[in-house]
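Quick notes on the structure that follows.
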Amino acid sequence: VVEAKGDVQVRADSLEDFLSISAAIGAGGSTGIAGAVSWYDVSLTTEAILADRISGQTPEETVEAPTVSAGGSVVISSFDDTEIDLVAGNGAFGGANGAGASVGVTRIDKTTRAYIGEGVDVRARAQRGGVEVRTGDFDVDYTDNAADTGEISAPDTNVAESDSQALDQQRTVDAGTDPDFHGVAVTAVNQDDLETWVVAGSGAGGFAFSLAGAVNSLAARTSAEIGAGAQINQFEAGDTDIGGEQSVLVAAGNDVYHLGLAVGIAGSGGFAGAPGFDVTLLSQGARAEIGDRARVRAAKDVSVTANAEG
């Protein structure tokens, strides 16, 4: 049992910023060979949970469902923001033959979850000042390319026929917030920014071949949930000590952005080849739900929203 005159907040925030740079140069009087590989394999779990048990516990370990009562608001919030910048480049030069390959590989698996468990009793009177909560929305903007160290900039394409700002400007995104929320909020928000730049070059008198490629796999699961049978703001009949702004918000938001550049350059007196590729496998989802048999009450609004962008 948790009782507070003010607010009760369970928050899990995770921020990751990865930068990888790999480079190689090979030169020979007859043959030059060079290769560069950059690899990320990342698994992340960010959870804010109010429940009688968590994953991995056996039923014998289950205790009575918790009760939380607050004079202000109750906030269950999880947030994860990941940025990965990956650069791989090489040059290979030989009098007769030159061959080079640059490869970037990224695998990201993420779970971001906010959860009020089954049967949990949560009561927020909303009689105190408001709290700031994320809403699951995103504010997206495009600005001039930044000169920050380790930041991969968008290419300056000047493609007049395209209306996509992502071709020549830097994308920025901020998670939307409500700075003055009153009541019970269950919010899960995830953001991913994956940028790869892979370049390979070769030159030789006879044979020159360069391969530049990136393979990316991103799976992001984002969920905000009130479990089955949960009791939200079920005050006793006749209890009038409840703020008029009392609301319930269940919100999940997921934003994914990927910029991939793969460039191959080859020059020779005989044969030259320079393929480049970027392959991205994306699985993302945002889920917001109130479970079966849950009872939810609010003086003002009850909102259940899920938003996925990218």
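Numbers here are sequence positions counted from 1. What you see is a predicted model; the values in this text were computed from it and never measured.
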Examine R134 relative to F79 and say whether NZ or CZ is less than 6.0 Å from the centre of the six-membered ring and inside a 45° cone about the ring axis. yes
Give the intermediate values and the outcome of salt bridge (Lys or Arg N to Asp or Glu O under 4.0 Å) for residues E225 and R287. CA-CA 8 Å; E225 309 161 64; R287 179 168 59 91; 3.7 Å; yes
Is it true that T143 and Q170 share a donor-acceptor pair across their side chains at a distance under 3.5 Å? no
Between D141 and T172: side-chain donor-acceptor atoms closer than 3.5 Å: no
Could you state the interatomic distance from OG (S202) to CD1 (I33), rounded to the nearest 0.5 Å? 11.0 Å
Answer yes or no: is there a donor N or O on one side and an acceptor on the other, between the side chain of D137 and the main chain of G176, under 3.5 Å? no
Within the side chain of Q231, is there an N or O that forms a donor-acceptor pair under 3.5 Å with the backbone of G229? yes
Inspect the contact between K110 and D80 and indicate whether a charged nitrogen and a carboxylate oxygen are less than 4.0 angstrom apart. yes
Applying side chain to side chain donor-acceptor pair (under 3.5 Å), can you list everything that pairs with N254, at least two apart in sequence or on another chain? N190, T222, Q284
I'd like to know whether CG of L282 has more than 12 heavy-atom contacts from other residues, nucleotides or ligands below 6.0 angstrom. yes
Under the ring-ring contact (aromatic ring centres under 6.0 Å, His included) test, which residues partner F207, sequence neighbours left out? F271
Flag for T67-D121: side-chain donor and acceptor within less than 3.5 Å: no
Identified side-chain hydrogen bond (donor to acceptor under 3.5 Å, both in side chains) counterpart of E245 within the set H182, K300, Q127: K300
Salt bridge check: are D109 and R221 linked by an N-O gap of less than 4.0 Å? yes
Does the side chain of F235 come within less than 4.5 Å of D241's, by heavy atoms? no
Would you say that more than 12 heavy atoms from the other residues, nucleotides or ligands in this model lie under 6.0 Å from the CD of E3, or not? no
Establish, from distance only, whether the side-chain atoms of T46 and T112 form a donor-acceptor pair under 3.5 Å. no
For the atom pair CG (L259) and CG (D193), what is the distance rounded to the nearest 0.5 Å? 8.5 Å
So, the side chain of N307 versus the backbone of G253: is there a donor-acceptor pair under 3.5 Å, distance only? no
Return yes if some donor-acceptor pair links the side-chain N/O of S268 with the main-chain N/O of G270 below 3.5 Å, else return no. yes
What's the spacing between I108 CD1 and L194 CG if we round to 0.5 Å? 5.0 Å
Regarding S217 and R107, do their side chains bring together a donor and an acceptor under 3.5 Å, going by distance alone? no
For the residue pair R125 / Q246, report whether a side-chain donor-acceptor contact shorter than 3.5 Å exists. no
Side-chain cluster (under 4.5 Å, hydrophobic types only) that V10 belongs to, other residues: V2, V8, L50, V68, V74, I76, I116, V120, V122, V184, V186, I226, I232, V248, V250, I290, V296, V302, V304
Is the side chain of D255 donor-acceptor paired with the backbone N or O of D192 at a distance under 3.5 Å, no angle test? no
Compute whether any side-chain donor of one residue and acceptor of the other, for D278 and H258, lie under 3.5 angstrom apart. yes
For atom CG of D41, is the number of surrounding heavy atoms from other residues, nucleotides or ligands below 6.0 Å larger than 12? yes
